[in-house]
Amino acid sequence: MATERYNAPASEKHWQQVWDQREVFKTRTDTSKPKCYVLEMFPYPSGRIHMGHVRNYTLGDVLARYKRAKGFNVLHPMGWDAFGLAAENAALERGIHPATWTYDNIASMKAQLKQMGLSIDWDREIATCHPSYYVHQQRMILDMMAKGLIYRKSSKVNWDPVDHTVLANEQVIDGKGWRSGAIVEQRERLQWAFKITDYAEDLLAGLRTLDKWPEKVRVMQENWIGRSEGLLIRWKLDPETSPAQHAELEIFTTRPDTLFGASFMAVAPDHPLAKSMAEKNPELATFCDECRRMGTSAADLETAEKKGFDTGVRAIHPLDPTWKVPVFVANFVLMEYGTGAIFGCPSGDQRDIQFARKYNLPVIPVVVPVDEPARAQALNKIHEGIAFDGDGVMINSHFLDGMTPKRAYAAVAARLEEEKLSGAPVAARKVNFKLRDWGISRQRYWGCPIPVVHCGTCGIVPVPASDLPVTLPEDATFDVPGNPLDRHPTWKHVACPTCRKPAVRETDTMDTFVDSSWYFVRFTAPHAKTPTDAAATNYWLPVDQYIGGIEHAILHLLYSRYFARAMGVTGHLQKSLAEPIEALFTQGMVVHETYRRAGIDPPQWLLPTEIHFEGEGDTHTATEIATGKPATIGSIEKMSKSKKNLVDPDDIIANYGADCARWFVLSDSPPERDVIWTEDGVKGANRFIQRVWRIVDDVADIPIQGDEMPSIFSPDALALRKTAHKTLHGVSQNIEGLRFNVAVAGLYELTNALAAASKSGDGMSFAVREATIILVQLLAPMMPHLSEQCWERLGNHTLIADSPWPLADVALLIDDTITIAVQVNGKRRAELIVPRDLSQEDLQARALLLDTVVKAVDGKPVKKVIVVPQRIVNVVA
RNA sequence: GCGGACGUGGUGGAACCGGUAGACACACAGGACUUAAAAUCCUGAGGCCGCAAGGCCGUGCGGGUUCGAGUCCCGCCGUCCGCACCA
C-alpha cells in the first residue's frame, strides 16, 4: 500500500478539534479518584510565545497526559500573569490602552498554546488583570489587613525628579531614569507591606520539609532568609563627644567573643547618629551624600573601596569603661540590616582590617590557632593585613583568654546580659534575618487596586465588601509619565465609607507578585464566589508538580509559600496547606547559536532566518542571505531579542508541527539543563515522526489473525515482545522521574527494534502489532497528535487520550538467560551467557574454565573469586 | 568573597545501590536504491598499536578506599549559576 507522509498540520488541527468537541480535558472535582495537580508557571502575556514556553508547557503536558492515562484525575490549568509594567509602557509608547494590549496578547498567545495540543482545561483559564480574579484578591487583602499581616511602612522609592514619577528598579539605569535621564533620587514614602519577617523562622523551617524541591532552590531561599544568631549590645557614648539625644549606640554582632579586638565602630550613612552629626558637619554631610549615591548599582559596589569618616563621637567599651572607641560613618554598613551599626574587629574580618589599616586604627589579634606553627603564621598574616577568621583560642582578651571562641561568646553574653546601662541590660541575644518585609505598593495604573480609602477624619478605611471590586478606571490617560490613577480627574474622589465626608482612594496598586502568589489556589475553584472553595483546595492542593524557570527560585516561590500561610490566618486556606507546592522542577533554558555581521563592532546581530549555511557539521560557515557577505557564528546563548538568536515556535509548528517541536525539546538534554536548539535536531525529530508513521501504516495493513494470543513465539518474536515490555516499563519510570530524554532514547530503541523485526515466524505478527500499539501509547504523552492519528490507523475508534496506560507483562521483563561479565583482577576478560538461575558455584566454575580467564590468570594461584549474582564474576589472582 | 552545581567520544548525552563506560540521538564516512537528487535502507566509528586476532590506554588532574571507582573520600584545576560589603 502506498505510504503517504504524515501530514502534521492537518492531523494536529483535526485532533485538537476532536479534543475540544469531546471536552476530553475538562476537569471535575471527583473525590472518588486520586488527584494529580500538574502546573507550569503561568505566562506573562508579552505578545508571542517563545521556545522557553514551548519547553515549559511540553514538560508539564507530558506529565499531565501520563498521569491521566494512569488513572489520576488531573488538574492542568492555564492562566495569565497579566498585570505589569510592560502594558503601561506599550500604552505610553504606542497609545494602546494597557487592557487592550493585554487582552489582545492573551488572545494571540492562547491561540498559539492551543496549537501546541496541550491537555489543558481551558474552562479554568484566569487572567489576573480581570476583576473576576482581583476582586477576590482585594477581599483577601482586606482580611489580611484586619489580621495585622499588612502594615504601613515608610520605605525608599526611586524618584525621577524630571518625570515626577516613581521608578521600578529596572527603570533605573546607571542611577538615572530610563526616559528622562535624570539622576534618580531616593525618597521616603509610606507604603503597604506584608510582615513576612514574622514568618522568617517558619519559612526557614518549612524548607526542610520540601524534599521534592531542588536542593539549589532551598539553599537560595535559605540564604535569602539569612538567619544569624548574635548579640545586640548597647554601647554608652562619651557625652562630651556626642549629641544629647544620642546617649548610646546599639549594634548587632555575631561575634561578641571578639569584643576585645574592637578598634572602631561604624554606622550607616542613614543611621540617626550619622544624620545628627552631619547637621553640624558639612564635610560629613557631603560624605553621607556620596555614600547614598553609590549605593545604586551592584557594579559600583563591587569595585567600591571601603571608606569611612570619623564623626568625632567616642563609644565606651562595654567591658572596659576606660577604653574609648572612635565612631565612623562607613559606606559598607547597611541601614537595613541589624541596627545599622557595627563594631569592627580588624584581626578577624578582612573588611575591617582593610578599614583599620586605611585609617591607622589598632589591629589586636584576639583569636589565633592553638598550635604552632599555625599560630605564628596567622599572627604574621594579620600583621600583613590578612584577617584570621578560623577557630582557635582567645588571646589579648582579659577574662576570656584561653577560652574557645564559642565559650567566650557565651561568657560575654552572660556577663553583658547581667550588666545594666540606664536601667536596662547592656546586651540581649537576638536572632537576625536578612529577609525584609515585602513592600507591595506600586505607583502604577496596571495593577490590582489596593482597596482602601484615606479619610481626613477616620484615617485609613477599608472599602466595604459590598463595594468590591475597586476597578481601574478605563478612561485613564497614559500620554505623560506618572501614575494615571493619581491624576485621574474623578476616580480617586469618593465619600468616606464610614463618615461619608469627602475622602480619597489609595492610588497605589499591588505588586504583581501578589497576583501570582495564589493563582494556583484559584485554579482549584476558578468560578467560586468566594476567593477559595474549601472542598476544592482540600482535594486538589498541594500542587503535585510545579514546573518553571529557576529565575523564580526566590521571590515568587517564597512569596507563594508566605501567602499560603497568610491565607491560613484569614481562613481562606487550610492551615495544613502552608506548603502549597509539593514538588518543584526547574527547567533549563532553550539556547541557540548567535550570528552577527563579520568584523563589525559593536556587533550587528542577525536572525537565524537571515543566514545561509554552507558546509556541514563542525565546519559549517554562514553568510547573510540579503548581502551575501560572511557572517560570524557566535557563542550559544539564551534566545533573546537583543541577540536575535530566536526561533519562532509558529514557524516550527507551521513547517514541522507541534509534535515535532515537542519531541525535539524533550530529546537529548535532561530537562533541568539547557537545550541547544538546532535545525539538524528538528529535522531529526521530524524524520522520527515519519518513521513511526511508516511503521504504523505498515503494521495496520497486516491482517489480524484472531484475538487469541499465539501459544508459540519464535525467538525473534519473543525478543521483540521483551523489548516492547521492557521499554514500557522503562519509559514509565523515566516519565515519573521527569527523565524525558532517557524516555525518548528508549522509544528510539523500541522503534529501531520494530523496524528491524522480520515479518514472519511464529507469533511474529502478534508481537509486531503488540509492540506497535505499545509504542504508540508510550508516544502519546509526548506527541499526542501523531499518536491519535496512529491509534486511528490501527483501527481504534476510541481516543488514545482516553485510553489507559498499558500494563507491562512482568514475565517478559525478566530474561531467562543473562550475560555476565567476567573480570580478572578487576579487568573485563570475557562474557558468559548463562541461565538466569544458575547457582553461584556453577557460575564460578564456568568462569574459571574460560580460555581468556585461564590465560589472564597465567598459572597464578586464584586467591578468591567474587561472584555478584546476575552481574559479574571477578577472579582475584 | 560566600553558597551551589557540573566536568564522560567530533557534539548533546546514557550508565538505578560501586559491578561489561560510551545506550539513544546529532554530525561524519562508506555502501545500496536512483538517469540524478531528495527521501529511505544497510554498514562503520573513544584513542593508540596491529592486515587481523588481539593488546594497551581511557570518564578534568593528583592521591586514597575497594576484589572492582564515571559513581565513594581527600587535595587541586576548570566551567557555569545564584547572592553579594549581612556585622
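Using Watson-Crick or G-U wobble geometry with both donor-acceptor distances under 3.5 Å, G7(B) finds its partner in C77(B). When Watson-Crick and G-U wobble pairs are counted only if both distances are under 3.5 Å, G22(B) pairs with no nucleotide at all. In a base pair of the Watson-Crick type (N1 to N3 plus N6-O4 or O6-N4) or a G-U wobble (N1-O2 and O6-N3), with each distance short of 3.5 Å, U65(B) is matched with no nucleotide. Nucleotide U35(B) has no partner under the Watson-Crick or G-U criteria, as no pair reaches both atom distances under 3.5 Å. As the counterpart of G44(B), C28(B) is assigned, both hydrogen-bonding distances of the Watson-Crick or G-U wobble pattern falling under 3.5 Å. When both distances must be under 3.5 Å, the Watson-Crick or G-U wobble mate of C2(B) is G82(B).
Remark: the separation of the P atoms in U20(B) and U71(B) is 14 Å, to the nearest Å. Nucleotides G30(B) and C51(B), compared at atom P, are 23 Å apart to the nearest Å. Nucleotides C33(B) and A38(B) are separated by 15 Å at their P atoms, to the nearest Å. Taking atom P on both G19(B) and G10(B), the two are 25 Å apart, rounded to the nearest angstrom. Taking atom C1' in both G12(B) and C2(B), one finds a spacing of 32 Å when rounded to whole Å. Straight-line distance between the P atoms of G60(B) and G7(B): roughly 8 Å, to the nearest whole Å. Across the C1' atoms, A5(B) and G9(B) are found 23 Å apart, a figure rounded to whole Å.
One interatomic measurement links the two molecules: CD of E222(A) to P of C2(B), which rounds to 17 Å at whole-angstrom precision. If you measure from atom CD1 of I872(A) to atom C1' of U20(B), you get 6 Å, rounded to the nearest angstrom. The CG atom of D668(A) sits 16 Å away from the C1' atom of U8(B) (whole-angstrom rounding). Per the geometry, CZ belonging to R871(A) stands 14 Å off P belonging to A15(B), to the nearest Å. In this structure, R673(A) places its CZ atom 10 Å from C1' of G7(B), rounding to the nearest Å. To the nearest angstrom, P of A27(B) lies 11 Å from CD of E679(A). Taking atom CG of residue D389(A) and atom P of nucleotide A87(B), one finds them 12 Å apart after rounding to whole Å. In this entry the distance linking NE2 of H552(A) with C1' of C81(B) reads 16 Å, nearest Å.
Between C24(B) and N741(A), no contact under 4.0 Å exists linking OP1 or OP2 to a side-chain N or O. Remark: R436(A) is not in phosphate contact with C86(B), judged by side-chain N or O atoms under 4.0 Å from OP1 or OP2. OP1 or OP2 of C67(B) has at least one side-chain nitrogen or oxygen of K864(A) nearer than 4.0 Å.
With a glycosidic angle no more than 90° from 0, G9(B) adopts the syn conformation. Base orientation of C17(B): syn (glycosidic angle within 90° of 0).
A ring pair (Phe, Tyr, Trp, His ring centres under 6.0 Å) with F309(A) is found for exactly one of F287(A), F264(A), F328(A), F355(A), namely F287(A).
With hydrogens and angles left out, the side chain of K306(A) and the base of C85(B) share a donor-acceptor pair within 3.5 Å.
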**Q.** ring-ring contact (aromatic ring centres under 6.0 Å, His included) between Y559(A) and W224(A), intermediate numbers included
**A.** CA-CA 12 Å; Y559(A) 291 154; W224(A) 188 260; 8.7 Å; no

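Both S669(A) and V873(A) sit near RNA chain B, but only S669(A) has its closest nucleotide nearer the 5' end. Mapping V219(A) and D349(A) onto RNA chain B by nearest heavy atom places V219(A) closer to the 5' end of the strand.
T253(A) comes within 4.0 angstrom of the backbone, heavy atoms only, and of no base. If you check every strand for non-hydrogen atoms under 4.0 Å, E749(A) touches sugar and phosphate atoms only. As judged by a 4.0 angstrom heavy-atom cut-off over every strand, T819(A) is placed among the base-contacting residues. Using a 4.0 Å heavy-atom criterion, one finds that V333(A) contacts the bases of the nucleic acid, with or without backbone contacts as well. Counting any heavy atom pair closer than 4.0 Å across all strands shown, R829(A) reaches sugar-phosphate atoms only and no base atom. Contact annotation for K827(A): backbone-only contact, meaning every heavy-atom pair under 4.0 Å involves sugar-phosphate atoms and none involves a base. At the heavy-atom level, Y748(A) lies under 4.0 Å from the strands shown only through sugar-phosphate atoms.
Side-chain N/O atoms of D437(A) and T197(A) include a donor and acceptor closer than 3.5 Å.
Remark: H556(A) engages M41(A), F513(A), S516(A), Y519(A), Y546(A), H552(A), S560(A) in a side chain to side chain contact (heavy atoms under 4.5 Å, CB included) (not counting sequence neighbours).
A heavy-atom distance below 4.5 Å is not found between the side chains of S667(A) and N741(A).
A salt bridge between E201(A) and R227(A) is present, with a side-chain N of the basic residue lying under 4.0 Å from a carboxylate O of the acidic one. Ionic pairing of R234(A) and E250(A) is not present here: no N-O contact between side-chain nitrogen and carboxylate oxygen is shorter than 4.0 angstrom.
The two atoms that bring G340(A) and H271(A) nearest to each other are O-CD2, 3.5 Å, heavy atoms only.
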